[in-house]
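Take a look at the structure set out below.
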Amino acid sequence: MDIYERIARLNQRQKEAVMHMDGPLLILAGAGSGKTRVITMRAAYLIHRGIKPDSILAVTFTNKAAKEMKERVKGMIRKKRNTPVVSTFHSFCLHILRKEIEHIGYKQNFTIYDTSEQVSLVRDILSDIKFHDESFKAENILERISKIKNGFPLQETDDFINPLEKATSLIYPKYLGTMKTLNVLDFDDLLLLTVKLFKEHRDILKKYREEFRYIMIDEYQDTNRVQYDFIRLLAGKGGNICVVGDDDQSIYGWRGADINNILDFEKDFPDTIIVRLEQNYRSFDHILKAANGVIQNNKKRMEKTLTTKRGHGPKVNIFKALDTEDEADWVINRLITIKTEKDLQFDDIAVIYRANTFSRPFEEALRRQRVPYSVVGGTGYFERREIKDLTAYLKIMANPSDDLSLLRAANAPRRGLGTSALDQLSEYAHASGGTLLNTFGRANEISGLSKKAADSANSLFDLIGKYRKMFDKGREMGDSLKQLIEEINYKDYIISLYKTPEASYRRNENIEGLIESVTDYEKKEISPSLLGFLQAMALTDMLEERDEKERRGVTLISLHSSKGLEFPVVFISGVEEDMLPHKKSADSDEGIEEERRLFYVGITRAMKELFITYTEFRAKYGKKRPSAPSRFLEEIPENVVKRLDRFEETDPEEERAYVKKLYAELMAKLDGK
């Protein structure tokens, strides 16, 4: 099928967006309106019209979205070799920094710290400056540092300085200086330093502007101030920039996303063409009317109304439970009934709540009923101890200046380098102005350091040097990692920490998974390198991507995490005052409007049927307290609502017997399989 046949299948507004070529374009893409199809088809159309593929840059937020976009574009163009550059913000900036970072005082072999490594560094700095205020943790300071980097400056007045602000003002410059000394970046630095590079070196900015003539940005409503600056710099004033987004789905203000970026796009880029995508291909009409009824109460938005040709569908069900446990039991009984009556899979059903802390009663109810489920938002693979230990070895090989990774590797497994010995080695390195790794190689020169500790430090120095040479070849890296693990007896060490066979088995599986990841990376890359692998791993980890294949059974998920997903049947629980809207957001119009957008996102996840629940009493601080239904429920048009009694005016005993019968039939089917 050629590009024009594909375009002919689009609705009129989609066609307008796809066939626009030059000048700024704002595509307001309502929920479920086919925005991915539009942006990928637009890229293919530009290529068909003679634009060089490598002069087109498409930027989004996750590796998964970038991969999907790239594959779709590739399937639409004849010459498969040349495709547009499709990347996440952070991957693209990392690509630039790998080439250009020496212009702003870093070495090219920098590595990237994850959150736990940043926390360790902040703790070390707090210890060094003897800061003893225990009213907040290192994590609080790190969160504040991240906000500074994303456009929230320190707040200071003559009369009062918040203790957290005071601590951060002391830590922040030392944090920046130490990171530069270690030649490491954090996730925020990838964008921040690219913007710094562009501002300070206009010749480099000009080079990238000339390279990328057509720029497309997905999920523009989620951009923060630094991403906004990056886009403005790269696109220039009269650039061919197309942004796609939905101001009604801007729900990440708490982490820096600025809704004004999309609302003010016309001001930033004069002569902007606006195309509204309002036809929804996901949900039935009653669900969309509920969503429209809620979101139209926001004043700070660009007008749009979702419509569909799918038909009315069932009304939106609203149920009041007695308390948290009653709510969970009712939801699970109801989803079992729906699954059986409508011949669905448990994978087709999602239970959505305000935050992950509210998953417990649903998990307990699902277990009691033997219903399979998965919770989105657990501990990430790269956060597990064995992965972080082994990654520390890889990081110190790639970046010999990374003292923090060396300190972790030094005791994984233990090798006679206690706290006292490591302190002596660190102090000697600081006094001599050398790296900690080189100090390990000269440990015998340090007076007062025991011979055993010095020999262990020397041995580790030699080990890292040996494997660094092996990894530098960029070949058979998986085998090299396997050999390293065997040489340091790491598996025996990790088994000694986790006594049960089940835990040991899982840890061993994780280690084998890391070896497999290195091997797979090596196979895919034309020029594999240890730095390249660490780069890919860091971005995947920090973006916290969900692997949809790992979801099994009913999905339990928070409202924020549900964005971008869809399910035939959705239950939104706990729709009460102080929870949605959250009490912390109730003091400002902006806060209430973002909470309303969050509810709107939840509603628009539902394809066929939507249930909304709230409770009469909810446990708070160990006591049951009265709760009130959310003000947002009053905004749903009454003509699309079905208010459910506990058993919908049927005899309670009959209803229980009916559910019990359905459950027995379901268990018989499962046992038969």
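Quick caveat: nothing in here was measured; it's all calculated off a predicted structure. Any value given below was found using the heavy atoms of this structure, including those in side chains, with hydrogens, waters and symmetry copies removed.
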Taking the basic N atoms (NZ, or NE/NH1/NH2) and the acidic carboxylate oxygens, is any pair closer than 4.0 Å for [X] and [Y]?
X      : Y      : result
Asp285 : Lys289 : yes
Arg9   : Glu5   : no
Asp222 : Lys563 : yes
Arg596 : Glu594 : no
Arg225 : Asp229 : yes
Lys300 : Glu593 : no
Lys74  : Glu71  : no

Examine distances only and state if a side-chain atom of [X] and a backbone atom of [Y] form a donor-acceptor pair shorter than 3.5 Å.
X      : Y      : result
Glu278 : Thr305 : yes
Arg282 : Gly34  : no
Asn224 : Gln227 : yes
Asp189 : Asp186 : yes
Ser250 : Asp247 : no
Tyr214 : Pro53  : no
Asp348 : Gln345 : yes
Asn240 : Gly23  : yes
Ser562 : Leu559 : yes
His103 : His201 : no

Does the side chain of [X] pick up a donor-acceptor pair with the side chain of [Y] at under 3.5 Å?
X      : Y      : value
Tyr281 : Asn11  : yes
Asn260 : Tyr228 : no
Arg49  : Tyr45  : yes
Asn399 : Thr111 : yes
Gln221 : Glu219 : yes
Asp188 : Asn150 : yes

May I ask you to test the [X]-[Y] pair for a side-chain heavy-atom distance under 4.5 Å?
X      : Y      : result
Ser405 : Glu117 : yes
Arg37  : Leu10  : yes
Leu94  : Phe110 : yes
Leu28  : Ile262 : yes
His20  : Val275 : no
Arg42  : Cys242 : yes

Between [atom1] on residue [X] and [atom2] on residue [Y], distance to nearest 0.5 Å:
X      : Y      : atom1 : atom2 : value
Leu197 : Tyr208 : CG    : OH    : 7.5 Å
Thr223 : Ile231 : OG1   : CD1   : 5.0 Å
Lys149 : Leu176 : NZ    : CG    : 5.5 Å
Ile215 : Leu234 : CD1   : CG    : 4.0 Å
Ile287 : Leu306 : CD1   : CG    : 11.5 Å
Lys196 : Ile104 : NZ    : CD1   : 6.5 Å

Residues Leu190, Phe89; criterion side-chain contact (heavy atoms from CB on, under 4.5 Å); working and verdict: CA-CA 9 Å; Leu190 298 177; Phe89 276 102; over 6 Å; no
Would you call the rings of [X] and [Y] parallel, tilted or perpendicular, where under 30° means parallel and over 60° means perpendicular?
X      : Y      : answer
Tyr4   : His48  : perpendicular
Tyr467 : Phe471 : tilted
His90  : Phe187 : parallel

Heavy-atom neighbours of [X] [atom1] exceed 12 at 6.0 Å:
X      : atom1 : answer
Glu525 : CD    : yes
Glu590 : CD    : no
Lys207 : NZ    : yes
Arg301 : CZ    : yes
Asp2   : CG    : yes
Lys482 : NZ    : no

For Tyr106, is the NZ or CZ atom of Lys180 found under 6.0 angstrom from the centre of its six-membered ring and inside 45 degrees of the ring axis? yes
Please determine if Arg468 forms a cation-pi arrangement with Tyr393, meaning its NZ or CZ atom is less than 6.0 Å from the six-membered ring centre and no more than 45° off the ring axis. no
Verdict with reasoning, Ile51 to Arg213, per side-chain contact (heavy atoms from CB on, under 4.5 Å): CA-CA 9 Å; Ile51 305 302; Arg213 297 287 189 177; 5.9 Å; no
Of all heavy-atom pairs between [X] and [Y], which one has the smallest distance, and what is that distance?
X      : Y      : answer
Thr555 : Val376 : CG2-CG2, 3.8 Å
Gln14  : Leu277 : N-CD2, 3.8 Å
Ser480 : Met470 : OG-CE, 3.7 Å
Ser283 : Thr604 : OG-O, 4.1 Å
Asn63  : Ser91  : OD1-OG, 3.8 Å
Arg202 : Lys199 : NE-O, 3.8 Å

Decide yes or no on side-chain contact (heavy atoms from CB on, under 4.5 Å) for Leu394 and Leu534, but give the supporting numbers first. CA-CA 8 Å; Leu394 301 181; Leu534 290 171; 3.9 Å; yes
What do the steps show when you test Lys304 against Asp246 for side-chain contact (heavy atoms from CB on, under 4.5 Å), and what is the final call? CA-CA 10 Å; Lys304 75 186 81 66; Asp246 181 8; 3.1 Å; yes
Might you work through the ring-ring contact (aromatic ring centres under 6.0 Å, His included) test for Phe212 and Phe92, ending with a clear yes or no? CA-CA 12 Å; Phe212 298 105; Phe92 183 65; 5.4 Å; yes
Where do Tyr113 and Asp402 land on the side chain to side chain donor-acceptor pair (under 3.5 Å) test, with the steps shown first? CA-CA 10 Å; Tyr113 270 5; Asp402 187 353; 2.3 Å; yes
